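In what follows, residues are counted from 1 in the order of the sequence shown. Just so you know, these numbers come straight off a predicted model, no measurement behind them. Worth knowing before you read on, the calculation uses all heavy atoms, side chains too, and leaves out hydrogens, waters and symmetry mates.
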Amino acid sequence: MEYLFWLLAGTLYGFIFGIIPVAGAATGLITIFSFLDVFRADPYTLVIFTTALVVASTIGDSFSSVVMNIPGAGGSAATMVDGFPLAQQGQAGRALSASIVTSSVNGLIWGVLVFMFLPMYAVLVLKFGLPEMLMFLILAFGSVCFINSKYWFRGIIALCIGTFLGLVGLDPITGSARYTGGWDYIANGIQLVPILAGILAFPELVEAYRKPHEVAKLESKNPWQQIWQGFVDSWQHKWDGLRGGAIGAFVGVIPGIGGSIADWLAYGQTVAINKNEKIPFGEGNIKGVVGSEGANNAQKATSYVPTILFGVPGAPFEVIILSLFVLVGLELGTPTLLSDTKFFSTITYSYMLSLLITFVIAIFFIRYAVRAMTVPFKYYFWPIMALLLWSSVQYTGYWEDYLMFAICCAAGLIIKHLKLSRAAFIIGFALSDQLEKVFGQYTTLYPWDGIFHRPISLTLFVITVIIVVYGIFFNKSKISYV
């Protein structure tokens, strides 16, 4: 009960960012940097708040996707394909109910499998030495370049740029500044918050701001009829939802991917299996909503596995969680944290309880969703920008913080315009220090072919090769860039 306030606060905060178009979990997490001090006295309050935020925003994503035809975040983009046509037909309540039920059920199933048994999975970490850790990092880089986007070469470019910028600052061996160009402001490294705000959030906000405002109608004297029909749809097409959940769970556990790729893969499989439909996909087929939403919460749950066990983010939003936790003294992937039973129990119960609370809130919010979504996005844009700016200028508080924020925002627009993978850029930036340290230790202690002499590292190498081959020759992902 001592943490109930933080659970409710995180759930409400996350749900608000979920229903705001294009905001989602990543934007909500970035804003926490501006008031991080309130969590320093008890780091577990941050664990509860961030976990509840991720769960609530993931479920809340569906509202703007269905009602406004603007994704709440990348993970709900596939829901728009059939969700918005249903809303245009006056069935927004049905589409929202089906998406919320499907996402919540799969979130519960995979949440139990992940968080209840996470301490047992931690035993695997004891079998990881330097060769295994090096190959796991390379697997993360390969996954984000060759699976997360069909433009794999551009993914490699983005990864290299992000990795290089992550190395700017102090040389760990000499202690002197490197790659700074004489700018003392970045002598200790480029700060993560403006990078996240400018590269991940800002381009999506600008795109949503420029998009014409559309709102569907909830045409029903009794919206509960549509809500109940959504429950029925979710049950009738449960195998589409469960298959989507399995796809999302698989994608989430692969380090570095996350994002919208899981939802598009789930939607693609739903379309491929359900042929000769009376209602074509893309014109309001409820199976398209159920199939894609099955992956949404499942992917978020399993992405915690590589993040917690190895300190390697399972998705771009996990980069933010890693950074937040480090700032309050919780370093993921370390033996100290993996032996912390309070951490595991806290994250487990906060995930489960926030999922149930958000489900109830979301179901009751459906009848008011259309009315709430009539607010044009331009009125959301400026408050969100203010929060991102405030979060990004906490480093020194001087003009250079504002300049760095502006540079990162401009870079984000350029990267998006060039269709470079922003996920690859962020993963490269976040893991550059860890890669440098692990690679340096490996080359000192092992021969170059040491990874081929150990079964786990060899297996990871084979998986990486398969991913590269798939990405070059077989990846037909609908995601142009993320």
Side-chain angles (χ1 to χ4, degrees), residues 55 58-59 61-62 65-66 75-87 89 91-117 147 225-254 257-303 305 351-352 355-356 358-359 362-363 366 476-479:
V55 172
T58 301
I59 294 176
D61 284 348
S62 304
S65 297
V66 170
S76 64
T79 306
M80 299 188 306
V81 179
D82 284 288
F84 188 68
L86 278 166
Q89 299 164 19
Q91 301 184 70
R94 177 191 180 192
L96 286 169
S97 177
S99 66
I100 292 166
V101 172
T102 305
S103 179
S104 299
V105 168
N106 279 278
L108 182 62
I109 292 171
W110 291 101
V112 169
L113 293 175
V114 169
F115 294 106
M116 289 294 188
F117 298 99
I147 293 182
Q225 292 177 347
Q226 288 198 20
I227 294 172
W228 174 248
Q229 183 58 47
F231 276 77
V232 174
D233 291 327
S234 183
W235 171 253
Q236 288 181 339
H237 308 301
K238 56 184 176 293
W239 298 118
D240 292 304
L242 292 172
R243 182 175 56 253
I247 292 172
F250 175 75
V251 171
V253 80
I254 300 175
I257 301 183
S260 56
I261 186 67
D263 301 72
W264 283 114
L265 286 174
Y267 182 80
Q269 285 299 307
T270 302
V271 173
I273 290 175
N274 296 283
K275 298 179 179 179
N276 302 317
E277 292 285 300
K278 292 182 179 180
I279 302 175
F281 285 97
E283 297 181 16
N285 192 321
I286 193 65
K287 292 182 181 180
V289 174
V290 173
S292 60
E293 281 296 327
N296 204 359
N297 246 318
Q299 177 263 320
K300 291 293 194 301
T302 57
S303 66
V305 174
Y351 179 91
M352 297 302 176
L355 182 65
L356 296 175
T358 306
F359 173 77
I363 290 297
I366 288 176
K476 306 299 181 184
S477 170
K478 293 188 179 192
I479 309 302

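- Here Thr358 contributes atom OG1 and Ile363 contributes atom CD1; the two are 11.5 Å apart, rounded to the nearest 0.5 Å.
- With contacts defined as side-chain heavy-atom distances shorter than 4.5 Å, the pair Glu293/Asn106 does not qualify.
- Take Val305 and apply the side chain to side chain contact (heavy atoms under 4.5 Å, CB included) test, not counting sequence neighbours, and it matches Val114, Leu118, Val253, Leu309.
- Asn297 and Ser103 share a donor-acceptor pair across their side chains, judged by distance under 3.5 Å alone.
- At least one side-chain heavy atom of Gln89 sits less than 4.5 Å from a side-chain heavy atom of Leu86.
- The two residues Thr79 and Ser65 make their nearest non-hydrogen contact at CB-CB, 4.4 Å.
- Residues Leu355 and Ile59 meet the side-chain proximity criterion, which asks for heavy atoms closer than 4.5 Å.
- Across all non-hydrogen atoms, the minimal contact from Gly111 to Tyr351 is CA-CE2, 3.5 Å.
- Closest of all the heavy-atom pairs between Val66 and Gly83 is CG1-O, 3.7 Å.
- If you take CG on Asp233 and CD on Gln226, they are separated by 10.5 Å, rounding to the nearest 0.5 Å.
- In this structure, Asp61 CG and Ser99 OG are separated by 10.0 Å, a value rounded to the nearest 0.5 Å.
- Using a distance-only test at 3.5 Å, with no hydrogens or angles considered, a donor-acceptor pair links the side chain of Ser104 to the main chain of Ile100.
- Ring orientation note: the planes of Tyr267 and Phe281 are nearly perpendicular, at an angle over 60° on the 30°/60° scale.
- In this structure, the side chains of Ile366 and Ser97 come closer than 4.5 Å at one or more pairs of heavy atoms.
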**OP:** Go through the steps to decide whether Val112 and Met352 satisfy the test side chain to side chain contact (heavy atoms under 4.5 Å, CB included), and finish with yes or no.
**Re:** CA-CA 8 Å; Val112 169; Met352 297 302 176; 3.5 Å; yes

What pairs of donor and acceptor atoms, side-chain ones from residues 234-250 against any protein atom, are under 3.5 angstrom apart with sequence neighbours left out?
unit_1 : atom_1 : unit_2 : atom_2 : d
Ser234 : OG     : Thr102 : OG1    : 3.0
Asp240 : OD1    : Arg243 : NH2    : 2.4
Asp240 : OD1    : Asn274 : ND2    : 3.0

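- Nearest heavy atoms, Ala95 versus Ile286: CA-CD1, 4.2 Å.
- A donor-acceptor contact shorter than 3.5 Å is absent between the side chain of Gln229 and the backbone of Gly93.
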